[in-house]
Every structure is written in C-alpha cells, then in structure tokens.
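Note sheet for the following structure.
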Number of protein chains: 2
Amino acid sequence: MTLTTARYCYTNPRPAVSTDMVIFTIRDQRLTLLLVPRSNGGARGKWALPGGAVRQDEDPDDSARRLLREETGADVYLEQLYTFGRPGRDPREHAISVAYYALIPSTKLELKGEVDGTGVGWFAFDDLPALAFDHAEIVAFAQQRLAAKLDYSTIALQFMPEKFTLSELQGVYETILRAPLDKRNFRKRVLALDSIEETNEERRDGAHRPARLYRLKRPGQLEFTK
Amino acid sequence: MTLTTARYCYTNPRPAVSTDMVIFTIRDQRLTLLLVPRSNGGARGKWALPGGAVRQDEDPDDSARRLLREETGADVYLEQLYTFGRPGRDPREHAISVAYYALIPSTKLELKGEVDGTGVGWFAFDDLPALAFDHAEIVAFAQQRLAAKLDYSTIALQFMPEKFTLSELQGVYETILRAPLDKRNFRKRVLALDSIEETNEERRDGAHRPARLYRLKRPGQLEFTK
DNA sequence: GCAAAAGTGTTCCAGATACACCCATGT
DNA sequence: ACATGGGTGTATCTGGAACACTTTTGC
C-alpha cells in the first residue's frame, strides 16, 4: 500500500474486507476441497482457500458467488459460514474475511481444474497441506457446519449429479459422517424425505444387478427435516 | 466524509465495517430487545440496533463484546449471527455489518437503562417500532436463530438469573416458543439435561406453596443436547 | 377453608435401530 | 455357477407426548 497509488481516503481507518470460500466435493469417497497456491503476499508456498476482496458496492454474498463461478464455472449451493476478523490473521494488515462454503457434485467439475492451468488443487479434507493464515480454522468450521446440517437438512443432495443411485447417495453420507450406515434404514429414511424420485432409468456397471437412478425433485433447494 | 479530514487512504475502495447487536432479554413474559434512537445520519426518528464501527486492529468479536458492555454493563452470552452487506442497506455508503446477538437475564439490567439517560429503549419483539436500515431483517434472523437453538442447546438458561424456579424457566421457553408446555414433561426434560441443580433455598411469593430455587451447574457455558 | 402455584409418574405412540435373504447381471 | 452390488420387511427399542391429582402456603 504505497502512498503514491493510494486514492481512496476515509476519515477513519478501515479493515480490508474479503471473502474466502471452502468449496467441497466428494471425490473417491473422500470429502475434498479446493485450494489455491500462494505465490506471493504472505504465506508463500502454502495453500490457501480461494478468496478475494469484496468490491465497491458489492454484497459479500455476490462476491462469493462470483468467486465460486470463477473457480469452478458452476453455480451451486453456497452458504455464508462465519466472519473471521481476528487482528493478525493476515500479517500484512487488518483483514476481515466473510467465509462461505459451497458444495459441488464432482461431475460438474471435470472440465475445469484439468483444463485451466492455474494450478488449483483438490485435497482430501483429512489430508490437507499446510494452509495459509487462519484457513485451517475456516475449513474446520465449514466441515462442522456441513456435518451438522446432514442431520437436519437435505444438504447432502447438493453433492449429487443429476441422476444417481441410492448407493451413491449413501456413500456420500457415509463419507461425511465417517461411519457406515444400514442400507435398508438409509433407504427408508431418504425416501421418506420426499426430496428425490425414481427415474425409469437404471445404470449397469459391472457384474451385478443394475441400480435404479434417482433425481432431485427440487434441484438446488435445501430442505429441513426436523 | 470530507476531503479535509480524510486521512486513511488505500489503493482500492473499502466498505465501512461495523457491528450491530440484537440484545435480547425476557421482560414481563415477552421477548424483548434493546434499541437506540437514530438522531442523525440516515433514518432519523427511527429506532436502530446498537452498533458501531469496528476499530483498527479490532476483532469484530471484541468489537461486539465492547459494545455489549457499553450498552448493558454486563458480560453475557454473545454469538455472531450473520454478516449483512447488501449495497444500499445503508444509503450513505457501502456498509458491511457483522451482526451479533446477546442474551441477558432481565435481572442484570435493572441499573442500566434506567440510570443512563441515553434514551435507549426496550421493545417487545412482536411489537417493534419502525427500524432503520435493514435492522428488521437482522432482528428476524436473530429470533429465528434463538428459537432454533432452544431445540438443541441450553441457550435458554442464559436468560436466567443466578437462582430461579423451574416455573420461571418454563415461562422463558414458552415465551420464546410462543406455546404452552406440559409442566411434568418440561421438568423431566430440563432436569435430564444435567445443566442445572437444586439449591436448598426456596422462594415464597404469594398464597401458595414455595418454589425450590435452582442454579446453573456451569454458568455461561452453552451445552448441546442432541 | 379456599385460592393459587408447586410438585410428582405412568401409559401410549411414533420414529429410529437392528437385522438376513433373494435378485439381476457379467464373466 | 459364482461373484458382485441392488433391493426388500419386520420386530424391538427409545424418547416424546398426553394426562390429573396432592402439597404447601397466604389470606
């Protein structure tokens, strides 16, 4: 912040405001999130959450939505998580971060991430590299919120592609909860939610009976179950 | 924001960051909150949530804690609610507000509010005056969070004075839930939480059997019940 | 003695859990 | 024919909901 380029002046000091985003997906039966390498600024060589400054007259929610599109090209479930503003969390200056988390089906990100050579990386939640700033705290916070919401909402459905099998859905629950579930009870419960419906397609992928495909009744809509 | 007094300059524009606080108490069997009159700035003549700018190198959490002490003199349960930053929510400039809510036992605020002549006012949640900015939205958000937390935490205990009767506690639940509860079931449930304990005092206050007084086992500590 | 709030247990119901076998397919 | 994951129903348990009378006090 050099004086020669400083142009926006205020009577009182102002912290910098940015958004940081935890973008979750399920890959290979693991909860996975997107990180970007820090090449400059503080924390060089570490990985960080994607993020950026909130622009003038921009709602932080819109800022997060924009960021999500830039990183993934997709327009998926997004929710504000918490606002972090401890002084010192960014060693350069007082920086307030409105953190968000997003859930994206792994099928929606095939293209991106391979194609653009920006060096982003997907990392399993339980095998993360060293993170910049307080991003480890933010990630932990996001995972807790996600796990809590499994219990009283249909948030897990946001990880599913357009069509999916019940076994795949059960796998997503098991991955997030880190616990096996009973197949019959799971099916009973998830069908009782009335949030998914049968298609008349099935998928055959191996030496066994084909699986019926299901779809969301109301895609993109989160529902509460308690 | 006149140029002559502007001293803090940045290369990019920055929104103003402040905290706003919903301070709840229970008064006369009603959910009640603290408002301050707007005498200047935008929204003159309306009432607003107490709030203030986040200072340089101040954690918004600390900013909220400071504000709470300034307004009530008390150091009680406080939780970050949500961050509101829609452009236009403050007509003067792009203002981002990290909103908090606090719960205070009505007994802790006897002195303040009467004594200081700053004209603050306590208003029943379901009989609020016109509020400035987007504060009605913030208040609604806080009430929803509070009601939700009743179901899976001991948050209601934060409204209780040091010693209280089970009927008083039941009244707090009924006030927030806006529904009568069964006395026997309520007592069974709340005692099963193991968060309160009998004192060997009782309170006599009328032509009826005295009520046993209870206290928190771990004051100030929120516990989860599911 | 009567009005008013405090205190106290049991039955019933619904939702969650535990559990094992047959089905359709590819090789 | 056999290996693999898909698909299905019932019995049990547990936590929540419904429900009425006795106790202690002040007047």
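Below, chains carry the letters A, B, ... as their sequence lines are ordered, and counting in each starts from 1.
Electrostatic pairing of B:K217 and B:E223 does not count as a salt bridge here, judged by no charged N lying under 4.0 Å from a carboxylate O. Between B:R145 and B:E79, at least one side-chain nitrogen of the basic residue sits less than 4.0 Å from a carboxylate oxygen of the acidic one, meeting the salt-bridge criterion. Between B:R215 and B:E197, at least one side-chain N (NZ, or NE/NH1/NH2) sits under 4.0 Å from a carboxylate O, which counts as a salt bridge.
The interatomic distance linking B:F186 (CZ) with C:dT8 (P) rounds to 14 Å, in whole Å. A straight line from CD of A:E202 to P of D:dG7 spans 8 Å, rounded to a whole angstrom. Going from atom CG of B:D205 over to atom C1' of D:dT24 covers 13 Å, rounded to whole Å. With rounding to whole Å, A:R187 atom CZ is found 22 Å from C:dG15 atom P. Atom P of nucleotide C:dT27 and atom CZ of A:R204 are separated by 12 Å, given to the nearest angstrom. In this structure, the OH atom of B:Y214 is 12 Å from the P atom of C:dA6, given to the nearest Å. In this entry the distance linking CD of B:E198 with C1' of C:dG7 reads 11 Å, nearest Å. Between the CZ atom of A:R203 and the P atom of D:dG7 there is a distance of 11 Å, given to the nearest Å.
Partner of A:L49 under the side chain to side chain contact (heavy atoms under 4.5 Å, CB included) criterion, chosen from A:V139, A:L34, A:L67: A:V139.
Between B:F186 and B:Y173, the angle of the ring planes goes over 60°, which puts this pair in the perpendicular group of the 30/60° scheme.
With sequence neighbours left out, A:A207 forms a side chain to side chain contact (heavy atoms under 4.5 Å, CB included) with no residue at all. Taking the side chain to side chain donor-acceptor pair (under 3.5 Å) definition, one finds that A:K46 meets it with nothing, sequence neighbours left out.
Within residues 150-158 of chain B, no residue approaches DNA chain C, by heavy-atom distance under 4.0 Å. Listed in residue order, the members of residues 160-183 of chain B having a heavy atom less than 4.0 Å from DNA chain D are B:D182.
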Enumerate the protein-to-nucleotides 1-4 of chain D contacts in which both atoms are nitrogen or oxygen and the separation is below 3.5 Å.
{"from": "D:dT4", "atom 1": "O2", "to": "A:A207", "atom 2": "O", "distance (Å)": "2.6"}

Base-contact (B) and sugar-phosphate-only (S) positions in nucleotides 10-17 of chain D, heavy-atom cut-off under 4.0 Å, - elsewhere | B------B
